[in-house]
Protein chains: 2
Amino acid sequence: MNSQTATTKSEPAGCLSTKPYHHGDLHHQCLCAARQLLEENNIASLSLRAVAKKIGVSHTAPYRHFKDKESLLAGIAAIGFRELTTQIAQAVEMHSGDPAAQLLEAGHRYVQMVIENPQCVQLMFGGILPCDDTYPELRESGDLAFDRLKMIIEEGQSMGIFKKAEIELMALTLWSSIHGLSLLFISGSLDEAVAAPVDVHPLTTAVTHLLLDGLKSG
Amino acid sequence: MNSQTATTKSEPAGCLSTKPYHHGDLHHQCLCAARQLLEENNIASLSLRAVAKKIGVSHTAPYRHFKDKESLLAGIAAIGFRELTTQIAQAVEMHSGDPAAQLLEAGHRYVQMVIENPQCVQLMFGGILPCDDTYPELRESGDLAFDRLKMIIEEGQSMGIFKKAEIELMALTLWSSIHGLSLLFISGSLDEAVAAPVDVHPLTTAVTHLLLDGLKSG
DNA sequence: ACCTGAACACCGTTCAAGT
DNA sequence: ACCTGAACACCGTTCAAGT
């Protein structure tokens with residue numbers, strides 16, 4: 001039994017390893033460490049130097065793999081967008097042939113993702129990263145997720161269970177609502193505004209059902 | 001004519017003034033300068049030292065009026081919440097007796113406020129400030145705005161134009177939707193996802209109408 | 001190629017000292 | 001009371017230098 005390999009494998013996901021001079025995986029390790037540090041504190045207090053320290057590398061080493069701090073942040077955001085797309089895709093697979101169930105499941109997964117990675121989501125949608133085409137990888141997955149949403153609605157329309165309003169508008173309304181609900185959850189604003197203790201899952205279900213009422217045909 | 005007063009008054013809102021040793025208004029001037037600097041760049045690059053420099057005061061002077069940087073940020077957020085509440089109140093006054101029109105107007109004003117003060121809104125809802133009762137002033141106005149929203153719905157129900165679902169749930173759905181739509185606007189995500197050029201006002205109207213369909217009685 | 005250490009211009013925050 | 005300057009431990013970023 002190779003003790004070095006064993007040590008690496010037994011790490012809890014902390015991306016630690018016995019570090020050779022060229023460990024080669026620095027790019028991935030930076031993203032991994034940064035993601036952890038980001039969720040532990042917040043966006044403002046994430047420092048490139050702390051990331052380097054966590055991996056056990058000099059504070060200038062990350063510059064081999066990322067142009068600057070912003071570019072590292074963009075890398076984390078990209079991972080988040082990919083994860084969101086995956087979640088929606090899984091929701092669609094799970095309830096194939098039932099658009100309403102697909103939307104409900106996708107909504108739950110979206111909310112769950114936001115609650116589990118609040119700081120990452122703030123990074124994705126918080127206007128810290130530039131909106132232009134500086135990081136094309138970012139918007140591609142967001143785009144993909146929206147397309148999938150539209151496909152669900154299209155199927156619902158052709159099955160006659162959704163009204164035939166403009167697809168893009170219906171998709172936008174659903175996305176906005178679940179997006180807003182998620183962000184209100186993590187902002188803490190709901191704890192004060194809503195009288196009862198905030199119970200994420202049933203609240204998400206209720207909101208979605210109310211929305212679907214507005215989309216129903218007839 | 002007193003040239004000193006004239007100079008102060010003719011400032012475009014930049015909060016500049018000929019500075020006596022005790023200018024007394026430092027608290028307000030800090031908030032004002034910070035708000036400007038915040039919108040000019042973003043939250044991460046707002047520095048207490050830059051704020052002090054903009055007012056023409058030593059970099060430790062703000063500590064007389066704010067415990068730390070976070071407490072200054074909380075002050076800015078509080079102003080934002082108060083402004084949001086005011087906007088909704090004005091929307092209610094403007095269309096008294098017509099709950100649907102009140103909701104539409106409030107939505108437009110909410111979106112407008114977010115678009116004009118994106119960084120401030122990120123501060124208000126971005127999870128940078130602690131959610132607990134460290135800054136009680138913050139949640140009080142948010143609370144007030146939500147109450148007003150519920151009153152609109154209540155009136156609509158008693159007039160028989162809204163369905164009699166749970167008021168809090170209906171209010172939450174509306175708030176989430178408009179909140180989410182606003183944040184998607186400023187995040188730039190829509191520019192990529194939506195095919196047509198994003199036109200804020202008509203899009204907000206369309207989304208609200210779709211939502212109101214779901215809230216209608218009958 | 002990949003990594004390091006010194007250096008620079010910035011931060012937030014504290015504290016003794018000045019008016 | 002209100003403000004200042006020096007000091008401390010942090011930042012991001014650059015660059016010559018090392019393996």
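All figures in this text were calculated on a predicted structure; none of them were measured in a lab. Each chain gets a letter, A, B and so on, in the order its sequence line appears, and its residues count up from 1. Worth knowing before you read on, the calculation uses all heavy atoms, side chains too, and leaves out hydrogens, waters and symmetry mates.
- Between the P atom of D/dC10 and the CG atom of B/Leu48 lies a distance of 19 Å, rounded to the nearest Å.
- Remark: C/dA6 base-pairs with D/dT14. Criterion, Watson-Crick or G-U wobble with two distances under 3.5 Å.
- If you check the side chains of B/His179 and A/Ser176, you find no donor sitting under 3.5 Å from an acceptor.
- Per the geometry, NE2 belonging to B/His59 stands 10 Å off P belonging to C/dC11, to the nearest Å.
- In this structure, B/Leu72 atom CG and C/dC11 atom C1' are separated by 15 Å, rounded to whole Å.
- Residue B/Tyr63 places its side chain closer to C/dT14 than to any other of D/dG12, C/dC3, C/dT14.
- Between B/Arg148 and B/Glu154 there is no salt bridge, since no side-chain nitrogen of the basic residue lies less than 4.0 Å from a carboxylate oxygen of the acidic one.
- Minimum atom distance to the side chain of A/Arg64 is reached by C/dC2, of the listed C/dG12, C/dC2, D/dC11.
- Using Watson-Crick or G-U wobble geometry with both donor-acceptor distances under 3.5 Å, C/dA1 finds its partner in D/dT19.
- Each of D/dT13, C/dT13, C/dC3 was ranked by its minimum atom distance to the side chain of A/Leu26; first place goes to C/dC3.
- Between the NZ atom of B/Lys53 and the C1' atom of D/dG5 there is a distance of 16 Å, given to the nearest Å.
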Run A/Glu105 and A/Arg109 through salt bridge (Lys or Arg N to Asp or Glu O under 4.0 Å) and show every step you take. CA-CA 6 Å; A/Glu105 178 70 23; A/Arg109 283 167 180 262; 2.8 Å; yes
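- Rounded to whole Å, the distance from NZ on A/Lys67 to P on D/dT13 is 8 Å.
- When the C1' atom of C/dC3 is taken as reference, atom NE2 of A/His65 falls 9 Å away, rounded to whole Å.
- With hydrogens and angles left out, the side chain of A/Thr60 and the base of C/dG5 share a donor-acceptor pair within 3.5 Å.
- Taking only side-chain atoms of A/Ser58, from C-beta outward, the nucleotide of C/dT4, D/dT13, D/dT4 with the closest atom is C/dT4.
- Where B/Ala61 and A/Ala50 meet DNA chain D, the nucleotide closest to each residue was compared, and B/Ala61 sits on the side nearer the 5' end.
- Less than 6.0 angstrom separates the ring centroid of B/Phe125 from the ring centroid of B/Phe81.
- Rounding to whole angstrom units, NZ of residue B/Lys69 and P of D/dC10 are separated by 17 Å.
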A/Thr173/B/Ser177 under side-chain contact (heavy atoms from CB on, under 4.5 Å): CA gap, chis, key distance, verdict: CA-CA 7 Å; A/Thr173 304; B/Ser177 308; 5.5 Å; no
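- Taking atom NE2 on B/His27 and atom P on D/dC2, their separation rounds to 12 Å, with Å as the unit.
- Residue A/Arg49 places its side chain closer to C/dA7 than to any other of C/dA7, C/dT4, D/dC3.
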